[in-house]
Every structure is written in C-alpha cells, then in structure tokens.
Amino acid sequence: MAQAKTIVLAPRLDAELARRILYQMSLIRRFEEKAAEMYALGKIGGFLHLYIGQEAVAVGATSAIRPDDYAVSSYREHGHCLAKGSDPKKVMAELFGRMGGLSKGKGGSMHLFDKSVNFLGGHGIVGAHLPLAAGAGFAIKYQGGDQVVLCYFGDGAVPEGEFHESMNLAALWKLPVIFLCENNRYAMGTAIHRALAQTEVWRFAETYGMHGEAVDGMDVLAVRDCVMRAVERARRDKAPALIEARTYRFRGHSMRDPAGAVYRTKEEVEREKLRDPITLFAERCAKDGILSEADVKAVEKDVSDVADEAVAFAEASPEPPPEELFQDVYRD
Amino acid sequence: MAQAKTIVLAPRLDAELARRILYQMSLIRRFEEKAAEMYALGKIGGFLHLYIGQEAVAVGATSAIRPDDYAVSSYREHGHCLAKGSDPKKVMAELFGRMGGLSKGKGGSMHLFDKSVNFLGGHGIVGAHLPLAAGAGFAIKYQGGDQVVLCYFGDGAVPEGEFHESMNLAALWKLPVIFLCENNRYAMGTAIHRALAQTEVWRFAETYGMHGEAVDGMDVLAVRDCVMRAVERARRDKAPALIEARTYRFRGHSMRDPAGAVYRTKEEVEREKLRDPITLFAERCAKDGILSEADVKAVEKDVSDVADEAVAFAEASPEPPPEELFQDVYRD
Amino acid sequence: MAIMTYREALNMALREEMDRDPRVFVMGEEVGLYDGAYKVTQGLLKAYGERRIIDTPICESGFTGVGVGAAMLGLRPVIEMMTFNFSILALDQIVNSAAKMCYMSGGQYPIPLVVRGPGGPAAQLAAQHSQSMETYFYHVPGLKVVRPTTPADAKGLLKSAIRDDNPVIFIEAETLYAVKGEVPDDPDFTIPLGKAIIRREGTDVTVIAYMGMMYRAMEVAEELAKEGISCELVDPRTLRPMDTDTIVSSVRKTHRAVVLEAGAGFAGMGSEIASEITEEAFDDLDAPVERVTGENAPMPYAKNLERLKTPSREKIAAAIRKVCYR
Amino acid sequence: MAIMTYREALNMALREEMDRDPRVFVMGEEVGLYDGAYKVTQGLLKAYGERRIIDTPICESGFTGVGVGAAMLGLRPVIEMMTFNFSILALDQIVNSAAKMCYMSGGQYPIPLVVRGPGGPAAQLAAQHSQSMETYFYHVPGLKVVRPTTPADAKGLLKSAIRDDNPVIFIEAETLYAVKGEVPDDPDFTIPLGKAIIRREGTDVTVIAYMGMMYRAMEVAEELAKEGISCELVDPRTLRPMDTDTIVSSVRKTHRAVVLEAGAGFAGMGSEIASEITEEAFDDLDAPVERVTGENAPMPYAKNLERLKTPSREKIAAAIRKVCYR
Ligand SMILES: Cc1ncc(C[n+]2csc(CCOP(=O)(O)OP(=O)(O)O)c2C)c(N)n1
Ligand SMILES: Cc1ncc(C[n+]2csc(CCOP(=O)(O)OP(=O)(O)O)c2C)c(N)n1
Ligand SMILES: [Mg+2]
Ligand SMILES: [Mg+2]
C-alpha cells in the first residue's frame with residue numbers, strides 16, 4: 001500500500017482549510033442522520049443508502065479538484081453530491097420527492113444530478129457509471145479542456161465487466177479519469193474476498209498499465225493528497241488512475257438492512273467506528289492546535305442548522321404537479 | 001514470455017505421435033481449403049472464418065487433453081472441432097446446411113456443436129462463451145469429475161467485460177478451466193495495440209492470482225507442453241490458467257475480407273507465412289528423422305482424401321425437411 | 001393445504017425440487033449467507049450447503065453464463081436475479097446462449113435453466129429499479145416466461161419451471177412476497193406451464209391481468225358487480241407460451257375484453273393479447289378490446305407521480321364500463 | 001437529386017452532419033481504419049481524422065456508455081454497432097442510462113445520442129447474427145426508434161436523428177445497403193422523425209410494412225393489382241414515436257389492414273400496430289387486422305429453412321386476399 005506523502009504536496013493545513021474539511025464531513029454526516037430520521041417517519045421512500053463512515057473519501061477527494069471538474073457516482077452518492085457543492089436544501093427535497101428537489105423529485109436518493117456543480121449523477125446499476133465517466137473524460141479531451149473526472153464506485157463494482165471495459169478504454173485512450181474505488185469491504189452482504197480472486201483492488205491498475213494506489217480512506221488528508229497527485233497527472237498527461245480508498249460503512253447497506261450485522265460481527269463494526277474519520281480529523285486539528293474546541297463546536301452547530309433548514313425546505317416544497325409525469329421523457 | 005520446456009513433460013516425440021499431430025494439422029488445413037472452394041462455389045453461405053495458420057494451437061492443445069475433457073470456442077472453430085475428434089463429413093455437411101451436419105444444418109460454420117466428443121460449440125458473440133466455459137468447469141467440480149475445460153478465444157475478446165467476469169469467477173471458485181487466448185494480433189482490422197492498453201494478454205492472469213503464460217503458437221509441441229502443464233495443474237488443484245498462444249491468421253478475417261490487407265502489410269503476411277506451423281513441424285520431424293518424406297506424403301494424401309470425402313458426403317446429404325424449422329426451438 | 005406467503009411458497013418449491021433432484025442448485029447475489037436480498041432463499045445455505053447454494057460476485061452476465069454452461073453438462077441451475085432489473089446485463093447470455101443453444105446445436109444441447117427473481121414496479125424505487133422486465137423476454141423463441149400471481153401459483157409454477165428442459169424466465173414481484181394464500185404442501189403438486197386460469201367467473205366482460213394488476217382487477221370486479229357488471233378475470237400465468245385458447249373462449253362468452261398491464265403500454269404484452277383476441281374472436285366482439293396500461297414514461301421517484309404511472313382502479317373501471325357501453 | 005446506394009446515402013448524411021456540427025463524432029468497431037465493416041463510414045477517417053472517427057476495442061457496453069457520458073457533456077455521438085445483434089450487450093447503457101437520464105435528472109441531462117448499424121435478417125448468418133433487434137428498444141420510453149426503408153429515408157432520417165436531442169436507435173439493414181435510389185443532395189434535406197409515409201396509394205387494403213418487408217409488399221401489390229386488388233402501402237419509418245394517424249386514416253379509407261413483420265411474430269411490432277388500428281378504427285374495419293410475421297423460431301442457418309422463416313410473397317398475398325374476402 002503506497003504511502004500518503006501529505007506534507008510533500010498538499011498545501012499546509014491552515015485553519016481555513018481545516019474548518020472547510022471538518023464542515024463538509026460533518027455536514028454530510030448530519031444531513032444523513034436527518035435523512036435516516038425522515039426515512040423512519042416515512043417522508044423518504046424507496047431505497048436509502050447512507051454514506052456514514054466514508055465521509056473522508058468524498059471530502060478529501062473533492063478538496064483536490066476544481067469546481068469545473070466533474071464527479072459521478074453510484075446510488076450511495078449523497079456525500080459525493082454535497083461535497084461537490086450541491087445545495088443541501090435541494091438534495092433533501094429530492095429525497096422527499098418534491099418539486100424543489102434537484103430533479104423535481106423524479107430521481108430520488110439513488111439518482112441525484114446537479115448540472116450546476118458538474119455532478120453527473122447517482123446511478124443505480126452497479127458498474128454502469130464507469131463507462132459514463134470514461135465518456136466524460138473523452139468529451140473533455142475532445143473539447144480541449146483540462147478538467148478531470150472523479151468516478152466513485154464500490155468494491156462490488158470491480159467484478160462487473162464494465163469495470164474492466166472502462167479501465168481499458170481510459171488507459172488506452174489516455175482519458176483524464178480518476179477511478180476512485182471506495183473499498184468498504186462489503187458489497188451488501190458479500191465480503192470482498194468472496195467476490196474477488198485478488199482483493200487488492202488498486203493492483204488491477206497494473207494490467208492496464210495505469211497508475212494504481214491504495215490509501216487510508218479514513219484519513220481525509222491522505223485521501224486529499226493521493227487524489228491531488230492523481231489529478232495533477234491527469235491534467236498534465238491526460239492519464240487515468242485507479243485509487244483504492246480503504247474505508248468502512250458504519251450503517252447497514254440500506255435502511256432495509258439496518259444492522260448490517262448478518263455478514264459482519266458487531267465487534268468488527270465497533271472496532272471500525274473507533275476510526276471515525278470525523279473524530280480522527282477533529283482530534284488531529286485540536287492536537288496540532290489548528291482548530292480550537294470552540295471552532296469544532298461552531299461547525300457542529302452550523303451543520304445541524306443547515307440540515308434542519310434542508311428538512312424544513314423539503315417539507316415546505318410542493319409535490320411535483322401531475323404534468324411532470326410526462327415532462328423530460330423526451331427533450332423537444 | 002515463459003519458456004516452453006518440451007523435454008521435461010511431453011512424452012518423447014515418437015513417430016506415432018508425430019504422425020498424429022501432422023495428420024491433424026494437415027487435415028484442418030486441407031479441410032478449410034476445401035471449405036473456401038465450396039464457399040466460392042456458393043455451396044456454403046453466411047460467414048466463413050478460416051483457421052489457416054493457427055492449426056498448431058488447436059492440435060497442440062487438444063493433444064494435451066483427454067477425450068472426456070471439454071472444449072468450447074468462438075465462431076473460428078473448425079479447427080478446434082476437428083481436433084477434438086468430430087467427423088469431417090458431419091462438419092462439412094453442417095457448413096453446407098444439410099441434414100447430415102452436426103446440427104442438421106441449423107447452426108452452420110459459426111455454430112458447430114458435437115456432444116459426442118464434448119465439443120461445447122462455436123459461439124458467435126465475442127466473449128460470450130467464456131462464462132459458458134466457467135460454467136462447464138463449475139459443473140465438472142459439482143459432479144466431482146476430474147475433467148478440464150479448454151476455452152479458445154481471440155485477442156479481440158479480451159477487452160470485453162465477460163473476459164474479466166469469467167477470469168475472476170474461475171479464479172475465485174477454482175474452476176478447472178484453461179483459457180487459451182489465440183493472439184493472432186488482430187481482431188478483424190484492429191491490431192491488438194489499438195484494442196488493449198496493455199498487450200501482453202497472459203499478464204492479465206496476475207490480477208486474478210491465476211497462472212499465466214505465453215507460448216509460441218506456431219510451435220505445436222510448445223503449445224502441447226504448455227497446455228499439458230496447465231491441464232495437470234487444473235486436474236490436480238482445480239486451478240484455472242490463462243495461456244496466450246502467439247499465432248497468426250494467414251487469411252482474411254472471413255471470406256468477406258479475403259485479402260485482410262487493409263490493416264496489415266503484404267510483407268507482414270508473407271513474413272508470417274514463413275512460420276507456417278505445419279511446415280515447421282514437418283521439417284523438424286524430417287530433421288530429427290522421426291518422419292520420412294514418404295510419411296509426410298502419405299499424410300498429405302490421406303487428409304486430402306478425407307477432405308474430398310467430406311465434401312462428397314455433404315453434397316449427397318439432403319436439405320433439412322421443413323419441419324426442422326420448428327424442431328429444437330423447445331425440448332419437450 | 002397450508003396458509004403461507006408467496007415468499008414461503010417459493011422457498012418451499014426450491015427445497016422440494018432440490019430434495020427431488022441433486023442436479024438442481026441455486027446461484028446468485030446474496031442467495032446464501034445473506035439468505036436472499038428478499039429472503040426467498042431463507043435457510044437454503046444452512047440446509048444444502050455451499051456446494052448447492054452459491055453466492056456470486058456482482059457480474060450478472062458472468063454467473064448467468066455459468067448457469068448456461070452448467071446446464072450444457074446436465075445440471076439444472078436456478079439463477080437468482082436479485083431483481084430482474086439487473087437481468088438486462090445478462091440478456092445476451094439468456095437470449096443468444098440459453099434460448100438458442102438447443103436450436104443451434106440441432107437438439108444436442110437443451111438448456112434446463114431457470115432465471116428467477118422479483119420484477120415489475122416496486123415502491124418508489126424509481127426509473128432504474130422499478131420497471132416491467134418481461135418485455136425483454138416474451139418475444140424470444142426458445143424462452144418460456146412465467147409471471148405467478150398467487151402463492152400457490154408461485155410454488156406450482158416454479159416447480160414446473162425447474163423440471164422443464166428449457167430456459168424459463170420466472171419473474172416474481174417484490175410487492176407480492178408478503179401476500180398470503182393457500183398452498184398445497186404435497187411435493188408432487190405442480191402447475192403446468194402454458195395454462196391460464198380463470199380467477200373469477202363472469203358474464204359481461206373478460207379482464208386479462210396478472211400479478212399486481214390481477215389483485216387490482218379483483219377489487220374493481222367487486223365494485224362493478226354492485227353496478228351489475230359481471231367481470232370474468234383471466235390470468236395467463238405463463239406469458240410464453242400464451243394460453244390463447246382459454247382467453248379467447250372466455251371472450252367468446254362475454255363478447256368484451258379489457259387487457260391490463262402494469263408496464264408501459266406501447267408494444268407491451270397487452271398489444272399481443274389484444275391482437276390475438278381480435279384475430280380469433282373478431283366477430284364475437286361487441287366492442288374493440290381495451291388496453292389499460294402503465295403510462296409511457298420511466299418510473300418517477302415522487303410518490304404522487306408514481307401513483308399516476310400505473311393503472312388506477314378508476315382507469316380500469318372506466319375501461320370496463322366503456323366496453324360494456326355503460 | 002442524385003442516384004446513390006442506401007450505404008452512400010448514410011455516408012453522405014454522416015458527412016453533412018459532421019460538417020455542420022463539430023460536436024458530432026462517430027465511434028465504433030472498425031469505423032475508421034477499416035472504413036466500416038459494411039463500409040458505411042467509408043472515407044470518414046481520411047476526411048475527419050482520428051479525433052472524430054474513433055475505432056474501439058470490442059466492448060459494446062463500454063463504448064456505448066462512453067457515448068452517453070460524452071453526450072452528458074454536450075457532444076453528439078453517433079455510435080455504430082457493427083451489427084445490432086451486439087447492441088444487446090449495450091442494452092443496459094441504452095435503456096438505463098441513455099433513455100432515462102433526462103427524466104431522472106429532471107431535464108438537466110438530455111442525451112443527444114444516435115446508436116446506428118445494420119439489423120434484421122441477413123443471408124445465412126444464423127441464430128445469433130440474423131434477428132430483428134428493434135423489439136428490445138421500441139417499448140422503452142425515452143428512446144426513439146427508426147427503421148429507414150429507402151436511400152432517401154436513410155439520409156433524411158439519419159440527419160434528423162443526429163440533430164435530435166434524444167437517444168435515437170437507428171437500425172439499418174445489411175440487405176439494403178446496396179439498394180439504389182434518388183437522394184436529395186441538398187444538405188438541408190431532412191425527414192422528420194415520427195412521420196409515416198404512403199409508398200403506394202390504394203383503395204382496398206392498407207398494408208403496413210418497413211425495410212425488406214416493404215420491398216416485398218411492393219412486389220405483391222403489383223401482382224395483386226392484376227387481380228384487381230388495390231393495396232395502399234404505409235411505411236411507419238419511425239417505430240417510436242409511431243405515426244398512428246397516418247396509418248389509421250389509411251385504414252379508415254380502405255377498411256382493411258395487413259401488418260407485415262420480418263421478426264418473430266409473438267409480441268412484436270405488428271401486435272402494437274394491429275392493436276392501435278383496431279382500437280382507433282374498429283367500426284371502420286371490414287375484417288380483423290391480419291399479421292404476417294416471421295415464424296416463432298430462431299433463425300436457422302440452412303438456406304431452405306431460412307427461406308421458410310421470414311414471410312414469403314405467397315403468405316403476404318394470401319393474407320391480403322383473406323382480409324379482402326377473395
Ligand atoms: C448490476 C447490479 N446488480 C446488483 C445490484 C443490487 N445492488 C445494489 S448495491 C449492491 C452492492 C454494491 O456494493 P459496492 O459496490 O461495494 O458498493 P457499496 O454498497 O458498498 O457502497 C448490489 C448488489 C445493482 N444495483 N446493480
Ligand atoms: C460482441 C461482438 N461484437 C462484435 C462482433 C463482430 N466480430 C466478429 S469477429 C470479431 C473480431 C474478433 O477478433 P478476435 O477475438 O481476435 O478473434 P479472431 O477473429 O482474430 O479469431 C468481431 C469484432 C461479434 N461477433 N460479437
Ligand atoms: Mg462496498
Ligand atoms: Mg484475433
């Protein structure tokens with residue numbers, strides 16, 4: 001597992017950056033805790049896949065790209081979408097299925113799209129968005145731009161054929177795509193060693209002659225640094241990369257698998273929770289004297305206010321009118 | 001590229017084995033030359049993909065397995081089917097679309113099946129038969145057998161998702177499958193370096209923790225030895241392997257691409273023809289005094305008689321009766 | 001007879017067929033250790049072990065192809081699609097390998113394969129996870145397609161599907177798994193593929209429906225009975241081969257037909273059923289066959305829009321009244 | 001006007017649209033260096049270079065998804081399927097990504113994508129390479145499906161497809177590439193999607209057909225004219241959206257309809273067209289709509305069986321006579 005050389009590349013961690021990172025991770029956490037409550041109250045329906053525990057990946061990675069860069073993800077994308085800069089109000093309204101949602105309530109939790117921040121969506125078919133990421137990379141190159149595409153996916157997508165097809169095309173055509181695998185060690189109830197003959201995901205990069213690297217997904221700065229280096233390479237030589245962020249999902253696969261404890265032990269879950277990326281980062285900032293206890297408290301208050309406002313906005317937002325059923329089936 | 005250690009494993013090359021190998025390679029060659037003539041005469045329709053130039057792969061590999069082992073291939077499968085032991089008469093009749101064909105004329109050149117010799121078919125969708133091979137391997141293990149499955153496919157199938165899915169499943173579940181990639185450097189008009197970011201096909205085995213090896217596909221004994229070792233391992237530990245046989249297609253992709261010279265130079269083709277696997281083997285046998293010139297002449301006469309008989313049989317075989325249109329749609 | 005859920009009936013069918021035939025095995029995502037994403041395979045791993053209950057990585061095309069290959073060697077695989085939405089990734093293996101192998105091989109390699117799992121609209125799962133998938137299969141020669149409406153049918157038809165020597169696409173419904181009903185516990189109980197059933201006798205109009213649409217039709221039929229409209233409800237149960245005789249003879253009796261379909265209407269199952277009725281019973285029809293289908297839009301997430309997407313009781317009743325000129 | 005082949009008309013359309021709009025590019029297997037497996041893209045690499053004419057490895061799902069992703073960023077990809085048989089491997093990208101993206105994103109991401117290539121029966125290519133693929137697409141909301149019968153339609157409809165902001169499935173035919181016809185060389189010439197055309201005026205019966213079936217219908221119409229049966233031939237050209245008005249008003253005039261379909265008949269395009277006609281023009285029909293379709297079997301390789309698989313002139317003539325009670 002390659003070493004994360006934070007010091008070398010990442011700009012020194014100042015209070016401003018530290019606050020931003022802590023704020024974003026905490027916002028995602030609080031937002032989803034609220035979403036879980038709303039799901040329990042029946043305000044949100046369908047599937048709801050929480051990102052809780054993996055926040056360092058989305059926040060660290062997004063902090064390494066520009067606003068005009070692109071991101072695309074699977075159905076566990078609340079964190080990626082919020083980190084990219086989407087308005088929590090519109091995201092919550094989308095989860096509520098309301099007109100004020102990102103997609104007028106027609107997409108829901110698994111299908112968040114936000115063109116205003118170049119978020120290319122949440123996609124429900126495992127592995128299906130990897131070719132889309134390659135396509136976005138192709139378009140960037142075709143248009144002569146210097147943006148990059150950040151493609152988040154789970155360990156469960158690796159055995160799918162589209163993983164292989166996308167990696168090969170991106171490497172063959174030198175597309176500026178960073179394939180960021182969030183290896184939380186389980187695809188629903190399937191532990192990675194029951195899904196892959198070779199479980200070091202980052203090593204798959206070798207067979208495509210692509211840069212591959214593993215990073216501690218619970219260390220937001222390590223993720224930030226690792227992605228920064230990949231982004232720099234992608235912008236400069238239009239070279240793709242495969243990054244494996246080792247992380248863990250604290251909750252069940254979805255709200256329908258609340259405990260998520262059939263396939264993993266309580267002990268394992270508890271042990272992993274000790275590596276909560278938010279606590280780890282807050283402690284580090286305190287230790288290094290970058291953020292005071294007051295700063296941390298302030299962030300906590302801010303995010304919980306924002307989450308509350310998001311819920312209030314969603315509640316107040318009207319249902320989409322009946323005509324919306326037929327809107328957007330076709331663009332005329 | 002791993003060394004082929006012929007001496008170590010293969011039983012010493014005696015006249016009997018040499019004659020068998022020369023006979024089979026020559027039969028496939030002659031059979032297909034005849035098929036090409038028949039295609040020109042309109043006796044054979046649709047697509048016809050000739051194996052000419054690659055005979056050492058099918059013959060060397062088949063000589064390393066048992067009759068009760070299985071083989072499965074793509075649409076370029078005449079050689080694999082004949083090497084496995086199918087009656088040339090029935091194969092030619094199938095190409096003619098006659099009742100005497102392996103499949104009563106309903107499959108044709110791309111879909112040769114022969115249950116009597118455990119040949120699991122010629123398949124027309126690139127990459128689609130790799131999962132079938134894994135499935136046959138699964139069934140062998142399920143039934144407690146010790147057979148192996150030989151799965152032939154072209155370099156063009158490597159970028160397909162099913163290659164990845166099948167390799168992973170075979171390695172994950174330890175299935176007795178030998179994936180034998182016939183790398184003839186082109187997928188239709190696409191040179192391998194325009195299709196794969198990393199062109200050493202055998203190296204793909206690494207990411208699945210599978211044994212991988214490359215072999216000179218124009219040297220029938222090298223292929224035989226390489227496959228023998230893979231077969232032994234597969235029988236013993238139910239371990240799959242990926243073998244890359246480096247070969248060359250002397251003719252066009254199909255009869256509709258006769259020259260096959262748009263995407264490759266005449267010089268290249270002529271140079272490769274100097275490595276004709278049949279000539280190389282015959283010369284070697286002569287040099288080592290294993291086969292006399294008379295022996296070689298005899299083989300040539302035999303195979304040309306067999307090919308002529310095959311054509312005669314096909315000509316004489318009746319068209320399938322109209323009822324056959326609805327036969328075998330379902331098994332009742 | 002025993003009262004059990006649709007889910008339990010399927011589980012019972014799997015157990016009985018695995019007990020009956022050692023060549024039967026179950027493979028799919030989460031079918032083992034997790035006891036099935038929808039618990040249809042509950043307890044099977046414990047009862048039959050890892051040799052016959054196989055969890056797979058996420059690679060639908062790969063493991064469906066494994067099923068086809070295993071069937072070529074004489075096994076009888078039951079492949080679970082966690083939901084049928086994902087079967088689209090395995091469609092090539094189902095259409096080009098499974099459905100055509102027997103034909104291309106001139107009968108040498110029949111493929112006794114069952115691909116089963118939940119399909120159709122499901123609560124607020126939106127466009128990619130809530131759609132009628134049978135449309136990708138029933139057009140294909142070589143396949144049989146089953147949609148079991150009741151717990152008893154679920155058991156009886158799944159057993160027949162597993163015993164069938166052809167590839168059978170068996171599409172259950174997430175929304176019906178908890179439905180309870182009487183189910184014969186006789187292990188020899190099976191329901192033949194290709195036979196429709198009349199779920200309610202009636203004289204004025206024939207309503208053809210299956211799965212959730214049939215339950216909705218039953219409610220509507222009761223309401224309309226009060227208005228003096230007597231509905232006969234026919235459930236095809238198997239979409240391919242379709243039991244046209246039962247449908248047409250019912251229409252010959254009632255002279256009117258309404259076909260219900262949960263999925264988008266354009267070129268769906270309803271078009272075929274309506275066409276067959278019209279061709280066979282044209283002169284017996286007192287009104288053109290009416291189709292009540294899902295709207296031609298992807299499935300929206302928003303609950304209120306989702307409700308508008310699939311045929312409502314009101315729309316169904318209106319169509320029935322229309323053909324009855326009421 | 002110029003006389004050219006169907007193949008040349010497609011090539012011309014591609015060139016004109018690439019000249020007109022720099023966002024248009026062509027991607028697929030063998031489209032560049034090899035000039036196209038069927039030479040539709042002949043000369044394009046030479047004229048537009050590797051940036052806009054892209055050869056791909058064999059990975060239909062991958063490069064189709066690349067097309068969808070590129071469309072999300074505003075490009076207008078034309079993805080060639082070497083033959084549509086292989087599109088089944090890309091079906092998830094077409095159905096779940098391309099067709100639903102605009103809807104799931106609430107209109108933020110329309111997908112201006114064309115997926116084109118030859119489809120349908122082709123000479124002795126057998127079960128996996130000779131089949132009607134439109135059936136996997138025309139049922140899907142969000143997709144448009146085109147089947148151009150003549151060289152002029154091939155040009156005019158392809159240009160409209162490329163200019164359309166939605167995913168368009170454009171299925172040509174290997175068997176028609178060499179067909180010659182008059183084609184407008186005006187670069188502004190286009191044919192709107194969703195408009196049927198009457199290829200032959202007639203008074204006794206309306207025959208609906210497209211592609212090879214239309215050519216066969218034309219021959220049959222001439223023969224039957226000698227018997228005094230006057231056929232009106234309607235070509236839908238676009239299967240989704242279907243121009244039901246043109247079809248139905250023709251039937252209102254002739255009072256009889258026969259629908260032709262090359263593919264297997266069960267639940268095919270013919271069922272939908274027959275249903276729509278019956279629903280809209282029931283009282284105008286003097287006979288039930290007849291469907292003449294391909295047999296419900298995979299395509300056999302043997303020439304004599306292959307001939308029996310698709311509708312013959314005799315069968316078509318018989319159906320027409322039948323609805324005319326001759
Ligand atoms: C092609 C496909 N098959 C199956 C599913 C059902 N499914 C949804 S999520 C999931 C597990 C994915 O695990 P992973 O990729 O590791 O992502 P994670 O849930 O861990 O974030 C499965 C099997 C699906 N959505 N798509
Ligand atoms: C999925 C799929 N895509 C495209 C094709 C068309 N096609 C037939 S053969 C071929 C090239 C295959 O090359 P390779 O795998 O190297 O085998 P070879 O012809 O060299 O033996 C292609 C693209 C196909 N049959 N299947
Ligand atoms: Mg995971
Ligand atoms: Mg090749």
Side-chain angles (χ1 to χ4, degrees), chain A residues 70 72 94 99 101-108 110-116 118-125 127-143 145 147 149 160-162 164-170 172-173 175 177 320 324 326-332, chain D residues 22-25 27 50-52 54-77 79 89-90 92-93 95-113 140-144 164-168 193-194 240-241:
Chain A
Y70 297 85
V72 61
E94 187 62 29
M99 196 60 183
L102 287 172
S103 304
K104 301 182 278 184
K106 296 203 268 190
M110 295 193 286
H111 308 301
L112 300 175
F113 289 82
D114 191 346
K115 193 166 187 179
S116 70
N118 283 354
F119 186 67
L120 301 173
H123 301 270
I125 307 297
H129 64 291
L130 276 68
L132 302 183
F138 175 89
I140 289 169
K141 214 171 157 178
Y142 186 94
Q143 294 163 330
Q147 302 101 308
V149 182
E160 275 283 4
E162 284 178 315
H164 171 68
E165 297 185 5
S166 306
M167 295 282 288
N168 182 55
L169 288 177
L172 179 68
W173 292 340
L175 305 177
V177 182
E324 276 300 331
F326 298 105
Q327 279 296 318
D328 310 317
V329 177
Y330 293 97
R331 162 65 49 95
D332 22 55
Chain D
R23 299 168 303 173
V24 177
F25 68 90
M27 175 178 280
E50 292 191 333
R51 176 169 165 273
R52 298 180 70 188
I54 302 101
D55 279 322
T56 68
I58 308 172
C59 53
E60 287 74 11
S61 188
F63 66 74
T64 303
V66 163
V68 179
M72 291 180 84
L73 265 66
L75 299 186
R76 305 184 77 84
I79 302 295
L89 291 162
D92 173 59
Q93 286 298 344
V95 169
N96 283 313
S97 297
K100 296 171 180 173
M101 198 84 73
C102 185
Y103 197 78
M104 296 191 298
S105 67
Q108 294 180 84
Y109 287 106
I111 305 296
L113 172 80
V140 183
L143 294 181
K144 294 185 178 181
D164 198 281
D165 286 332
N166 301 286
V168 179
L193 304 186
R240 186 183 188 108

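In what follows, every chain begins at residue 1, and chains take the letters A, B, ... in the order their sequences are listed.
Residues passing the side-chain contact (heavy atoms from CB on, under 4.5 Å) test with D:E60, sequence neighbours excluded: B:E160, D:E29, D:I58, D:F63, D:M81, D:F86, D:L89, D:A90. Partners of A:K104 by salt bridge (charged side-chain N to carboxylate O under 4.0 Å, His left out), not counting sequence neighbours, listed by chain and number: A:E324, A:D328.
Between chain A and the options D:K144, D:R52, D:K100, D:M104, heavy-atom pairs under 4.5 Å are most frequent for D:M104. Among A:I140, A:D114, A:N118, the residue making the largest number of heavy-atom pairs under 4.5 Å with chain D is A:D114. Contact tally against chain D (heavy-atom pairs below 4.5 Å) for A:A136, A:G137, A:G107, A:S116: the top residue is A:A136.
The CD1 atom of D:I54 lies 7.0 Å from the CH2 atom of A:W173; values are rounded to the nearest 0.5 Å. The line from CG of A:D332 to CG of D:D165 is 9.0 Å long, rounded to the nearest 0.5 Å.
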- request: Applying side chain to side chain contact (heavy atoms under 4.5 Å, CB included), run through A:H123 and D:N96 and close with a yes or a no.
  value: CA-CA 9 Å; A:H123 301 270; D:N96 283 313; over 6 Å; no
message: Quick one, D:Q108 with A:S103, criterion side chain to side chain contact (heavy atoms under 4.5 Å, CB included). Give me CA distance, side-chain angles, the key distance, then yes/no.
response: CA-CA 8 Å; D:Q108 294 180 84; A:S103 304; 3.7 Å; yes
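Side-chain contact between A:Y142 and D:L73: absent, with no pair of heavy atoms (C-beta onward) separated by less than 4.5 Å. Taking the side chain as every heavy atom from C-beta outward, D:T64 and A:P131 never approach each other to under 4.5 Å. D:M72 has its side chain out of reach of A:Y70: every pair of non-hydrogen atoms, C-beta onward, lies at least 4.5 Å apart. The shortest distance between side-chain heavy atoms of A:L132 and D:M101 falls below 4.5 Å.
Residue A:L120 touches chain D through both its backbone and its side chain, counting heavy-atom pairs closer than 4.5 Å. Interface remark: A:N168 contributes side-chain atoms only to the contact with chain D (heavy atom separation under 4.5 Å). With a threshold of 4.5 angstrom between heavy atoms, D:Q93 approaches chain A through side-chain atoms but not through N, CA, C or O. For D:P167, no part sits under 4.5 Å from any heavy atom of chain A, backbone or side chain. Of the atoms belonging to D:T56, heavy atoms from both backbone and side chain fall under 4.5 Å from chain A. Contacts between A:L172 and chain D at a heavy-atom distance below 4.5 Å involve the side chain alone, from C-beta outward. Neither the backbone nor the side chain of A:H164 comes within contact range of chain D; no heavy atoms are under 4.5 Å apart.
The two residues D:G62 and A:E165 make their nearest non-hydrogen contact at N-OE1, 2.7 Å. Closest heavy-atom contact between D:P110 and A:R331: CG-NH1, 3.6 Å. Among all heavy-atom pairs drawn from A:F119 and D:Y109, the shortest one is O-OH, 3.7 Å.
Checking side-chain atoms of A:Q143 against main-chain N and O of D:L75 turns up no donor-acceptor pair under 3.5 Å. At distances below 3.5 Å, at least one donor-acceptor pair connects side-chain atoms of A:Y330 with backbone N or O atoms of D:L143.
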